[in-house]
Every structure is written in structure tokens, then in C-alpha cells.
Amino acid sequence: MKDRINELKERFASELSAVSDQKSLEDLRLAFLSKKGKVSELMQELAKIPNEQKKEAGQLINTFKQEISARFDAKMEEIRKMEEERLIGSTESYDESLPQKIKRGSYHPITLVQRELEDIFESMGFDVEDYSEIVDDYHCFEALNIPPFHPARDMQDTYYLTTPNQLLKSHTSAAQNAIMHKYGPLLKEKGRPIRAVFPGRCFRNEAIDACHENTFFQMEGIMIDKNISISNLIYFMKTMLSEVFERDVTVRLRPGFFPFVEPGFELDIQCLICGGDGCPSCKNSGWLELCPCGMIHPNVLKYGGINTEENPYEYTGFAFGLGLTRLAMMKYGVKDIRTFNEGDLNALSQFVSK
Ligand code: DAH
């Protein structure tokens, strides 16, 4: 085995020194390291030799494999550098005093709004969490007190994958359960309140028009502790919205139904354009609907492992689901929601964060 490896080593070294481009390097790699390559052949031979020699021979093969892999990488880097130098050398010299023609990239308006909100919530002690876009029925619906066949599902028709029980999340609320399980132990053992926001892309089977898209963004938030009440909810919402709109906003709550909160609300802000007198932007009502929210339903807290059957009201909390896309439309005066997904750089590159 030793002789065989030495012979291969020499052969490899001489072939490698003849290589001068990526294609022949790849051929050499295949000849030695692919499934049908020399190293695999050695492994097959290993099976045939007497047991007491196997250990040593196996080690030799491994060292050989590592050695040639390292030399491949080094050669690859060498060739890459050579290519680079060849390309640079062949380009015409350039005049660095000419004005630059390349337009700098910019952030998507929804990214801008999302980051701004993340900063605001972080400054209020919230953790920012990321959650997957593909979820299961339990997290998207059942853990949120929406059992199968509940009529509330009709409003959230989404896209189902061919993999059983996998769907594209129809709302960021789908992360609530996982976040409660993640932070619940800290709440119980250390008394650290759960404060988390989780932005994300959501999907729904919508008829698309200027106000509806099949793909949009939300930012969900929850706060859970002992004695959390609606006053806490109003305080956090008002503070956050005043920061976003850079002025003091007036908010009001109307009853709203969502199976995962009780009581549930629609939170409106007084129209920032007419100050509440009524104008076309607020359809003459003086108010703009902005953010559904409410006190987390006892069942949701139970499924999240926060409260027990015996003590179902030990902890309480609020939740809200901000429409990030809607907020970006309001903040930047975007009239058609489709603008966000169309990829038209003329439209999307106009926005800057404050
Ligand atoms: N998930 C709801 C939706 O997309 C919005 C929502 C309502 C979220 C009330 C909440 C809430 O957290 O408390 O329609």
C-alpha cells in the first residue's frame, strides 16, 4: 500500500506541475478525488488487505487525501490569481479623474421602515427575532386558537407546499408560539419579561390590485409578564408610532376580532394630514386604521407554555401585528402596493432613511 501511495504521490505531483488552467485542474481533481478517482480506488483496495495492516494503511490513505486536497486548493488560488493578473493586464488604462458612472445601490423602502422600527423597539428593550417563511399548520393557526375549519382561516388563504403540512406563513403571528417557548423559561426562572418583535414576509392568496399583494411584510410584537394590561399596550403603541411619524400621534382603539387575542382591537391613529378634521386620505373619517392588536388569548399563552391549566392567568400579555408594507406606503406616500415587488429601480431607489 505504501509503495502504491508513493507512486500515486509522484504521479500527482508531476501532473499538478503541468496544470496551468482551471479546466485541467478540475480534470486532475476528478481523476484523484472523485468517486471513481484514485483515492476511492485505494479505499477499495484497503478492504482487501489483512486486518492487522488496515489501520496503518487507512491512516496513510487519509494523509495522502488531505495532502492532495491542500495542494489542490493552493493551486486553485494560484490559478485564480494568474487569471486576475492576466485580466487586469489586458484592460486598457483608465482615467480615474472621469466622473463615476456607477449608481450606488439603495435600500428597499420596506427594509428602511423595518430597520427603523427595529431600532425603536430595541431601544424599548425588545428582542428582534427572525422566523422562517415556511411553517406548519399548528404554528400558523392552531397554536393561535384557530382550529381546523374555523371561519377565521378564510381570511388567510395561503400557499401550501407539496410537502405535507407545510405552508407559507400568512401572518407573522405564526412565530408567537415558538417565541413564547424560547423566552418562557427566562420569564419564569429569572422574571425577565418577554418583549420581542419579529418582522417577516407573509403570503396570501389574494386578487392583486393597488391595495392587495400576495406577498407583503408585517412586524409582530408581543410583551408578556405579570400584570400586563391594555394600558401597557397603548403606551408602547403610542410611543412607537410617535417615533415613526416623528410627531405626537393620537391613537384610539376599536373592538376587533382575532381568535388569538381577547379582547382584540383595531388601533387607529388620528389622520396626520388633516389632523382629524376629515380629508380624502382618511376617507373623511379623521382616523387611519393602522395596527390590529389585543391581549393575548389564554389558550395561546397555554399552548406557548407560559400559563398552566391550573393557573391560567398567572401571566398576561399583549400582541400586535403591524402592517410594515402599509406603514411604508403611508410613510413614503406610495399609492400602489405593487410598486414594492415590481423591482423597478427608478421607483425603489428614491427612498432614504432619516
Ligand atoms: N395576524 C393578524 C393578521 O395578519 C394581525 C394581528 C391581529 C396580529 C391582532 C396580532 C393581533 O398580534 O393581536 O391578520
Side-chain angles (χ1 to χ4, degrees), residues 110 114 117 121 126-129 131-133 135 137-147 150-159 167-180 183 194-206 211-224 228-238 240-241 251-269 288-301 303-304 306 315-329 337:
I110 292 179
Q114 178 180 324
L117 281 169
F121 277 108
F126 280 69
D127 295 298
V128 179
E129 284 287 331
Y131 195 66
S132 47
E133 290 175 349
V135 296
D137 187 273
Y138 178 76
H139 287 89
C140 203
F141 300 119
E142 286 192 47
L144 290 162
N145 205 28
I146 313 177
H150 192 289
R153 289 193 178 211
D154 291 352
M155 319 250 283
Q156 303 213 4
D157 185 16
T158 180
Y159 300 92
L167 46 119
L168 298 184
K169 72 168 178 245
S170 55
H171 54 173
T172 40
S173 310
Q176 281 196 18
N177 184 270
I179 287 175
M180 287 181 200
Y183 289 104
I194 300 181
R195 279 179 292 198
V197 284
F198 24 108
R201 181 159 39 186
C202 305
F203 307 85
R204 282 188 206 174
N205 181 13
E206 293 277 4
C211 308
H212 299 89
E213 250 293 11
N214 54 23
T215 307
F216 54 94
F217 289 77
Q218 293 185 336
M219 183 183 261
E220 185 96 358
I222 54 171
M223 175 164 186
I224 304 171
I228 294 290
S229 71
I230 298 171
S231 322
N232 299 105
L233 167 66
I234 297 174
Y235 168 79
F236 275 101
M237 291 290 103
K238 200 170 142 62
M240 179 271 292
L241 293 168
V251 300
R252 74 170 184 191
L253 296 181
R254 284 179 293 120
F257 175 72
F258 305 94
F260 36 93
V261 279
E262 181 57 41
F265 306 107
E266 292 287 356
L267 184 143
D268 301 334
I269 59 168
L288 292 166
E289 192 176 312
L290 198 72
C291 172
C293 53
M295 299 305 293
I296 304 174
H297 193 286
N299 284 351
V300 176
L301 288 168
Y303 303 146
I306 301 292
Y315 295 97
T316 49
F318 65 75
F320 57 88
L322 250 175
L324 270 189
T325 304
R326 211 176 124 79
L327 201 62
M329 287 173 86
I337 193 171

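Just so we're clear, the structure is a prediction, and the values are computed from it rather than from any experiment. Just follow the structure's listing: the first ligand is 1, and inside any ligand the first atom is 1. Numbers for residues simply follow the sequence, beginning at 1.
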Phe320 and Phe236 aromatic centres sub-6.0 Å: no

Just to verify, what does Asp268 make a salt bridge (charged side-chain N to carboxylate O under 4.0 Å, His left out) with, not counting sequence neighbours? Arg252, Arg254

For Asp157, give me all partners under salt bridge (charged side-chain N to carboxylate O under 4.0 Å, His left out), at least two apart in sequence or on another chain. none

Please determine which of Phe260, Phe258, Tyr138 meets the side-chain contact (heavy atoms from CB on, under 4.5 Å) test together with Leu144. Phe260

Residues two or more places apart in sequence or in another chain: which of them pass side-chain hydrogen bond (donor to acceptor under 3.5 Å, both in side chains) with Gln156? Ser170, His171

Counting the benzene-type ring for Trp, do Phe198 and Tyr183 have ring centres under 6.0 Å apart? no

Tabulate distances under 3.5 Å between N/O atoms of ligand 1 and N/O atoms of the protein, writing both atom names on each line.
unit_1	atom_1	unit_2	atom_2	d
ligand 1	1 (N)	His171	ND1	2.8
ligand 1	1 (N)	Ser173	OG	2.8
ligand 1	4 (O)	Arg204	NH2	2.8
ligand 1	4 (O)	Gln218	NE2	3.0
ligand 1	12 (O)	Glu220	OE2	2.8
ligand 1	12 (O)	Phe320	N	3.3
ligand 1	12 (O)	Phe320	O	3.4
ligand 1	13 (O)	Ala319	O	3.2

